[in-house]
Amino acid sequence: MRSLSLRAIGLAFVALLATHVAAQNSLTCDDADCTQTFTLEAGWNAIWLEVDPVNDDPDAVFAGLPLDSVWMWNPRFSPVDYIADPDEEKLANRGFLGYFPPTRPENILSRLFAVRGGQAFLLRLTQPATLTAQGLAVARPIRWSSDSFNLVGAPVDSGQLTIPEFFSASAAHDGQLAYRLRSDGTWIEDVGISGLERGEAFWIFTDGGSDYQGPLDLGLPRSGVVDFGRAVPSRAIEIGLLDEPARTVEVRALGDGVAALAFRQRDRNDATRSWIDLPTSLTVPTDLTGSDEEPPPPAPFVAIEPGGSFDLDLGLRRAGMSSALAGHLEFRDGQGVRRFVPVRGDTPVADRAGLWVGIVALNRVSHIEGTPGRACSGADPMQPPQPCAVDGDCTEPQTCSEFLPPPEPTCVCGPADEDGFCPLCAAAFTFPVLMHVSATDVLLLEEVYQVCEPLADEPRACAEDVLLTDPDAAANGNYLGVINRGDVLVPQRWSTAAFDLPDLPGLPSGSISLGSATDFGIPTKSQIGMLSIAADAATHPYRHAYHPDHDGVLPAGCAIDSPPCSGPQCQCFAETWDISRNINIKWGSDDSSRTLDSNERVIGTWRETVGGMRSVSRDGTSVPIVMQGTIELSRVSRAATITRAVPINGGTP
């Protein structure tokens, strides 16, 4: 039940409350830590601590204060009817945790051993003083005791909002009794005449359950910290407005390393989302979208409607970080609410060892019939692109009689770019790719099995990952699987059909080297590799037993070593050639606005030159095809080596 006996007392002090000037408190977060300052009066003071002190020992937090005692409200024991004048004996019997300075003999009775943020404290001083606390801002949600008075504070700019205004959007608090501490040490009912002070603690009754945190609602982790850790590339914060009027929300980034933060914005024109560096101040609208005519602006001004919300996606660009991210985000709604949220993130680690699995998406390919920069299209739109005459400037219609049989259509220079890529390609072609990074080199793999070494004392528990390229070794019973299939642990098989890789001396079967591990995933660095498929190999894509052009049987009178010839009458030319695949991976992204990086994810540009797949003329000359796209890999195992098979029953490996 409510403390109704105090209502009459509170109404008697309404006039006095209106003339009472609250202490000037402040909270600033200009660096990795926040500083909260309280101007305290002689006698009782009610404060709401919003930082976790760097040193939470009460002796350190309250050092130098002319202190009689400190009492922390403990909601687990606080009674619903206690709103009376502060008194040390009553506080001790009502579940408050007390602290007495070393100068008082009661010091041995202290039960408050750590000072944490997000808590209300009652301090009794012998004379006026200033308390300063420094540490990480607290954004953990208030845990309300239902059907009870709660001693809490509000994240407001001093004097901007009254208690009724702050709680008007909460069904559990709107119109409920609230009490504020007067300068003479007595509690008086608040009727909404004067605004709240930042860091001021007050009593308010909670009717039923509640999760209300204020008219500016932020969807945060339970810890109250936006933490990217070592590997998380992005986090989302839901920003909601619970009361009138519609308004924008300003977000400011404060502290060390915040320059590495980015936010994601949707471009209305192409329905893609771009990662844009977070400015010093960002105004969050209902929907961060670009205009229909122009590229998306960094901060559109569109109000969030009452009851509406918006997900602010934040990302961390680790590649350019020289130190860990340690800062705060400040949220203002323009109506007096101001909240601080800690944001943290680790720098990239040098260790990239392990198995990386991902996708290559090819979205650019050179004209298979042309040479770089010289492709043209036939007059008939159904004709495939043909090479322009080499003596033309590719600006006027050219004659293609050298390449096309009669009739001779006129062709003009086509849309290939300076690299010979066709910009009119259809959807990207994708294929899986596997790489293993050891302490020294990077391997491109065709197939690998992920298992684990069992613990000696617990045979069904994994000690560490093991990577094998031999399927028999993965199934020989010496290892545990890592995939649960019908209550049976089986190996995880990673494979790709995009490569036919050889068995080379000194390397695991089905692998080739892509260079040094020190370059892996580092922007502007490259991995380079080459593989080949012999013209008579069984896996050659142009070896088809039932196709006359690719069955390996030459026309009568021709031989593989026949002299080359040209012209439409020539019939002696090779059906297949040795295929070469030259791979060049450049880490980083040409379009960094659409990507993020992390310790467990790398991105880059994949460029591959394929020789032996197409002939332009009948003299047997093979023109290479150049393909380009993106590569994105994620680490699935930290095993730094690919292990040899463990011998079965003690046999020879």
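Values below: every heavy atom of this structure, side chains too, minus hydrogens, waters and symmetry copies. Predicted model, so just to flag it, every value in this text is computed and none were measured. One is the number of the first residue; the rest follow in order along the sequence.
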Can you give each donor-acceptor pair under 3.5 Å made by side-chain atoms of residues 432-439, sequence neighbours left out, with the distance rounded to 0.1 Å?
residue: H436; atom: NE2; partner: A639; partner atom: O; Å: 3.0
residue: S438; atom: OG; partner: T440; partner atom: N; Å: 3.3
residue: S438; atom: OG; partner: D441; partner atom: N; Å: 3.1
residue: S438; atom: OG; partner: D441; partner atom: O; Å: 3.2
residue: S438; atom: OG; partner: D441; partner atom: OD1; Å: 2.7

Check your understanding: Under a 4.5 Å cut-off applied to non-hydrogen side-chain atoms, are T469 and I642 in contact?
Key -> yes
**Study point:** Main-chain N/O of V448 paired with R493 side-chain donor or acceptor, under 3.5 Å
**Key:** no
Review point. Say you draw a straight line from CG of L254 to OG of S281; how long is it, rounded to the nearest 0.5 Å?
Key: 10.0 Å
Review point. R607 side chain to V626 main-chain N or O, any donor-acceptor pair under 3.5 Å?
Key: no
Practice item. Mind listing the closest non-hydrogen atom pair of R317 and I276 along with its distance? Key: NH2-N, 3.9 Å
Residues 523-531 side chain polar contacts: donor-acceptor under 3.5 Å, at least two apart:
residue: Q527; atom: OE1; partner: F520; partner atom: N; Å: 3.1
residue: Q527; atom: OE1; partner: W587; partner atom: NE1; Å: 3.3
residue: Q527; atom: NE2; partner: L514; partner atom: O; Å: 2.6

Exercise for review: May I ask you to test the V602-R352 pair for a side-chain heavy-atom distance under 4.5 Å?
Suggested key: yes
Revision key, fill the gap. Tightest non-hydrogen contact, residues V365 and I625, listed as CG2-CG2, 3.8 Å
Review point. In Å, rounded to the nearest 0.5 Å, how long is the span from OG1 of T496 to CG of L445?
Key: 10.5 Å
**Study point:** From I579 atom CD1 to I533 atom CD1, the distance as rounded to the nearest 0.5 Å
**Key:** 5.0 Å
Revision key, fill the gap. Residue pairs passing the ring pair (Phe, Tyr, Trp, His ring centres under 6.0 Å) test with at least one member in residues 480-511, sequence neighbours excluded, are F431-F499
**Study point:** L504 and I512, any side-chain heavy atoms less than 4.5 Å apart
**Key:** yes
Study note, to complete from the structure: Heavy atoms of F263 and L312 approach each other most closely as CB-CD1, 4.2 Å
Exercise for review: Give a yes or no answer on whether the side chain of R635 reaches the backbone of A353 with a donor-acceptor pair at less than 3.5 Å.
Suggested key: yes
Practice item. Report the C-alpha distance between T641 and L467 in whole Å, list the side-chain angles of each, state the deciding distance to 0.1 Å, and finish with yes or no for side-chain contact (heavy atoms from CB on, under 4.5 Å). Key: CA-CA 7 Å; T641 60; L467 300 176; over 6 Å; no
Point to revise | Nearest heavy-atom neighbours spanning P508 and L443 | key: CD-CD1, 3.6 Å
Practice item. Could you tell me the separation between the CG atom of N363 and the CZ atom of F429, rounded to the nearest 0.5 Å? Key: 12.5 Å
Study note, to complete from the structure: The reported gap from CD1 in I603 to NZ in K586 (rounded to nearest 0.5 angstrom) is 12.5 Å
Review point. Does the side chain of S234 reach to within under 4.5 Å of the side chain of D313, using non-hydrogen atoms?
Key: no
Review point. Could you walk me through whether E632 and I359 pass the side-chain contact (heavy atoms from CB on, under 4.5 Å) check?
Key: CA-CA 6 Å; E632 181 175 331; I359 293 292; 5.8 Å; no
Review point. Is there a side-chain contact between F228 and D346, using heavy atoms and a 4.5 Å cut-off?
Key: no
Practice item. Walk me through it: do E330 and C29 pass the test side-chain contact (heavy atoms from CB on, under 4.5 Å)? Key: CA-CA 8 Å; E330 179 189 48; C29 299; over 6 Å; no
Review point. Is the closest basic N to carboxylate O distance between D311 and R264 below 4.0 Å?
Key: no
Exercise for review: Let me see the working for L136 and R344 under side-chain contact (heavy atoms from CB on, under 4.5 Å), right down to the final yes or no.
Suggested key: CA-CA 11 Å; L136 193 68; R344 294 292 186 264; 2.5 Å; yes
Point to revise | Residues D52, R140; criterion salt bridge (Lys or Arg N to Asp or Glu O under 4.0 Å); working and verdict | key: CA-CA 11 Å; D52 279 327; R140 294 185 296 269; 3.1 Å; yes
Practice item. Determine whether L316 and L261 make a side-chain contact, defined as any pair of heavy atoms from C-beta on separated by less than 4.5 Å. Key: yes
Review point. Are any side-chain N or O atoms of D503 and backbone N or O atoms of G510, one a donor and one an acceptor, separated by less than 3.5 Å?
Key: yes
Point to revise | Within-4.5 Å side-chain heavy-atom neighbours: Q492 and D465 | key: no
Practice item. Give the minimum heavy-atom separation between G224 and A139, together with the two atoms involved. Key: O-CB, 3.3 Å
Revision key, fill the gap. L501 and S511 have their tightest heavy-atom pair at CB-N, 3.8 Å
Revision key, fill the gap. Value for CG (L489) from OH (Y479), rounded to nearest 0.5 Å, stands at 16.0 Å
Review point. So do V258 and H328 actually touch side chain to side chain, heavy atoms under 4.5 Å?
Key: no
